[in-house]
> 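Once you've had a glance at the structure underneath, I'll fire off some questions.
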Amino acid sequence: MALRKNGEIISDLQEMTRGHAEALLPMIERVCEQAQVPMSQLQRLAVTHGPGTFTGVRVGLSAMRGLALALNVPLCAIGTLHVMAAAAAVSDQPLIVAVDARRDTYYTQVFDGQNQPLSAPQACSLAGLESLLPDAAIRVAGSGASALCATDAQRFSALDIADHPHAAHVLRLAEALSDDIWATTGPHHEPLYLRPPDASLPNPDKQLRRLSDG
Amino acid sequence: MQHKIVLGIETSCDETAAAIIRAPIDADGTICGTGDILSNVVLSQIDMHAPYGGVVPELAARAHLSQLDHLVAQALDEADIALDGLDAIAATAGPGLIGGLLIGLTTAKAIALAANKPFIAINHLEGHALTVRLTNATRFPYLLLLVSGGHCQLMSVEGLGTYHCLGTTRDDAVGEAFDKAAKLLRLGYPGGPEIEARALSGDSKAYALPRPLINGPQEDDDCDFSFSGLKTALRQQAEKLQPLSDQHIDDLAASFQAAVMDCLAERSAKAMRLFSARHAPDDTTPWPFVIAGGVAANQALRTRLADVAEQYGFILQVAPPALCTDNAAMIAWAGAERLVADRMTEQPMAAPAQARWPLADLTD
């Protein structure tokens, strides 16, 4: 959670694997108090919309969609991988952010040397990841970095940046959006799931037979 | 007369819902009379879950997030009220599917924080338990049978926040048993209405299915339910009969429903005896026996339990069907009751979502 007031950033961060929902609203309350900004004075809101853990992404979006509704202010959604890329220093090499989403799936996005997106976020396997990339030296960030670097240590170099997106970078990316975008953004942002829900239809072979089956 | 106006949000299972109610308050600051439902928006996800024969949690959570803020705006609009005109915001915090609970709870907290209104975390079962006070101004105490897809309980509702559980299910909820039976017989979802419809043309004595737990000792105070053995017996009977004719399906549905009814009737009768023993007899007015939850829509069940109630000196009370199934008006009402009684959530912004949250935990 980060807030900009008159140029100054006031932020708070708690790393957690569980309990976002319980922690998030008290944190928003705390940061606003610390900044001495009443909620009613917030002018613009931004939130990450994934990819990430389904529940975590939904908790963030629920909170911010609720705030946007109640405050009647614009809300923009920013990609998590873009936020992670924003933590990297500018370079003459492109950057790939790869987050290990298990089951040989990586949430990934490619950026240029200025850390601007060259592709949309997508989910792919380790093999698929390699085929996405130019055959040149490339910086790698995210929890999937070590797996990718292990495939070709000459070509890939892991960046030493945090594996988690930081709210201050969400703030900076949101501030870089044009006034046109802020003027037209709707509040109903959807998560970028990149993965279908786990759901299986009943197996017809295990069903009882009916006379009408023929 | 004064009023309290409360926004309620419900996302614990497969209905996304938002509602606004107005509760009348008398001079000494207690709720007097029935509430007004200013808006009651419910978006059912049934069509989405039907092909799977049950609620798919991840699908449900995705749909709740997509719809909830739209529904809250719609509820405010239909009630013709601004957030500023609310006295409190209430949301279901459990029990239920955690993914859905988190969305309703987080959205409600954010709205409350932004609008500077009190937030109240509501137990979904308390919402069902108090609905009859919204619609009928029923006075405490009363006996409640809560029968839904997720719950099957008999409880003595002694007062706000004081619930004495007389019996609960040891395995499946009754609505869940209907759903599983319907899935087995390849009928639609939700299973209750399908089974009830097929049972109408079936013979309820065609197959001897068990009535679990009801022949136990009557001296104890246990009114528990169990439906899993009944479900297994139905499966075994159906497997023996297959391929199933339409008549087979009708007879199986009728036999299954009759067994469920017998269990609910016997357990309710036992609970009525226990309730009467706990409370001073009142010669003039019968105690209310309230049925809540989606299964309360079953007409065969209402007819049967009305008879049982009469036999034991109780009077059956059931809210309209739209307020028996999951809705947010009941959550808003429970919020109003807690607001008026000053029994608010401590540290409301940090209130957790709880997949499991027995009603008895609310009792001091």
Side-chain angles (χ1 to χ4, degrees), chain A residues 18-30 32 38-42 45 47 49 53-73 75 186-191 193 195-204 206-214, chain B residues 9 11 49 51-54 56-62 64-70 72-73 76 83 89 98-117 119 183-186 235 238-239 241-249 347-353:
Chain A
R18 298 184 61 82
H20 292 83
E22 289 77 3
L24 184 59
L25 271 300
M27 184 182 281
I28 293 174
E29 204 175 16
R30 198 162 60 236
C32 286
M39 299 292 299
S40 58
Q41 281 181 21
L42 294 174
L45 305 172
V47 63
H49 66 146
T53 64
F54 294 166
T55 298
V57 169
R58 279 194 288 260
V59 166
L61 275 164
S62 299
M64 296 307 260
R65 284 173 64 158
L67 287 185
L69 170 78
L71 298 171
N72 194 27
V73 295
L75 170 65
H188 309 294
H189 299 284
E190 286 292 326
Y193 288 113
R195 240 183 193 173
D198 270 333
S200 49
L201 291 165
N203 180 352
K206 289 186 179 168
Q207 290 184 336
L208 291 175
R209 285 172 289 115
R210 280 185 179 178
L211 276 177
S212 54
D213 291 342
Chain B
I9 288 176
T11 55
H49 298 292
Y52 301 92
V56 180
E58 176 61 20
L59 285 177
R62 290 184 178 200
H64 285 308
L65 175 65
S66 293
Q67 299 300 336
L68 182 58
D69 53 358
H70 295 278
V72 171
L76 289 163
L83 282 173
I89 294 166
I98 197 77
L101 291 170
L102 283 170
I103 289 158
L105 188 67
T106 307
T107 303
K109 284 178 183 175
I111 294 172
L113 185 65
N116 198 22
K117 300 290 178 186
F119 168 72
K183 189 173 178 177
L184 173 78
L185 298 177
R186 292 168 55 192
R235 170 180 291 283
E239 280 170 350
L241 293 169
Q242 67 175 334
L244 301 176
S245 67
D246 278 348
Q247 191 60 51
H248 285 139
I249 294 171
Q347 296 190 296
M349 286 300 131

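Here is how names work: the chains are called A, B, and so on, in the same order as the sequence lines, proteins then strands, and each is numbered from 1.
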> Is it the case that atom CZ in A/R195 sees more than 12 heavy atoms from other parts of the structure closer than 6.0 Å?
yes
> Top residue by heavy-atom pair count (under 4.5 Å) with chain A, among B/P352, B/S245, B/S66?
B/S66
> To the nearest 0.5 Å, what is the distance between CG (A/L211) and CG (B/L244)?
7.5 Å
> Say you draw a straight line from CD1 of B/I249 to OG of A/S212; how long is it, rounded to the nearest 0.5 Å?
6.5 Å
> Okay, side chain of A/R65, backbone of B/L68: is any donor-acceptor separation there less than 3.5 Å?
no
> Please report the interatomic distance CD(A/Q207) to CZ(B/R186), rounded to the nearest 0.5 Å.
5.0 Å
> Determine the option with the most heavy-atom pairs under 4.5 angstrom with chain A, choosing from B/G53, B/A61, B/A115, B/G99.
B/A61
> So does B/E58 pair up with A/R58, basic N to acidic O under 4.0 Å?
yes
> Against chain B, label A/E190 side chain, backbone, both or neither, depending on which of its atoms sit under 4.5 Å from a heavy atom there.
side chain
> Give a yes or no on whether the backbone of B/L185 and the side-chain of A/R210 come within a donor-acceptor separation of less than 3.5 Å.
yes
> Non-hydrogen atoms of chain B under 4.5 Å away: do they reach the side chain of A/S40, the backbone, both or neither?
neither
> Considering all heavy atoms of both residues, which atom of A/A70 and which atom of B/A114 are nearest to each other, and what is their separation?
CB-CB, 3.5 Å
> Return the minimal non-hydrogen interatomic distance between B/A238 and A/L208, and the atom names on each side.
CB-CD1, 3.4 Å
> So which of A/A23, A/P191, A/S200 has the biggest tally of heavy-atom pairs under 4.5 Å with chain B?
A/S200
> Within a strict 4.5 Å, meaning less than it, do heavy atoms of the B/D69 and A/H188 side chains meet?
yes
> Measuring heavy-atom distances to chain A, does B/A112 have an atom under 4.5 Å in its side chain, in its backbone, in both, or in neither?
neither
> Answer with side chain, backbone, both or neither: which region of A/P38 has an atom nearer than 4.5 Å to a non-hydrogen atom of chain B?
neither
> Between B/L83 and chain A, which part of the residue has a heavy atom less than 4.5 Å away: side chain, backbone, both or neither?
side chain
> Give the minimum heavy-atom separation between B/K183 and A/P202, together with the two atoms involved.
CE-CG, 4.2 Å
> For A/N203, I'd like to know if atom CG has over 12 heavy atoms of other residues, nucleotides or ligands within 6.0 Å.
yes
> Flag the pair A/L25 / B/T106 as yes when at least one side-chain heavy-atom distance between them is below 4.5 Å, and no otherwise.
yes
> Locate the shortest heavy-atom distance separating B/L59 from A/P197; write the atom from each residue and the value.
CD2-CG, 3.5 Å
> What's the spacing between A/L24 CG and B/L102 CG if we round to 0.5 Å?
11.0 Å
> Give, for atom NZ of B/K109 and atom OG of A/S62, the distance between the pair rounded to the nearest 0.5 Å.
11.0 Å
> Write down the atom of A/A199, the atom of B/Y52, and the distance for their closest heavy-atom approach.
CB-CE2, 3.6 Å
> Would you name the heavy atoms of A/A63 and B/A110 that are closest together and state the gap between them?
O-CB, 3.2 Å
> Contact between A/D213 and B/P243 at the side-chain level, heavy atoms closer than 4.5 Å - yes or no?
no
> Under the 3.5 angstrom rule, does the side chain of B/Q242 hit a backbone N or O of A/R209 as a donor-acceptor pair?
yes
> What part of B/L184 gets closer than 4.5 Å to chain A, counting heavy atoms only: side chain, backbone, both or neither?
both
> How about A/M39 and B/N116: do any of their side-chain heavy atoms sit closer than 4.5 Å?
no
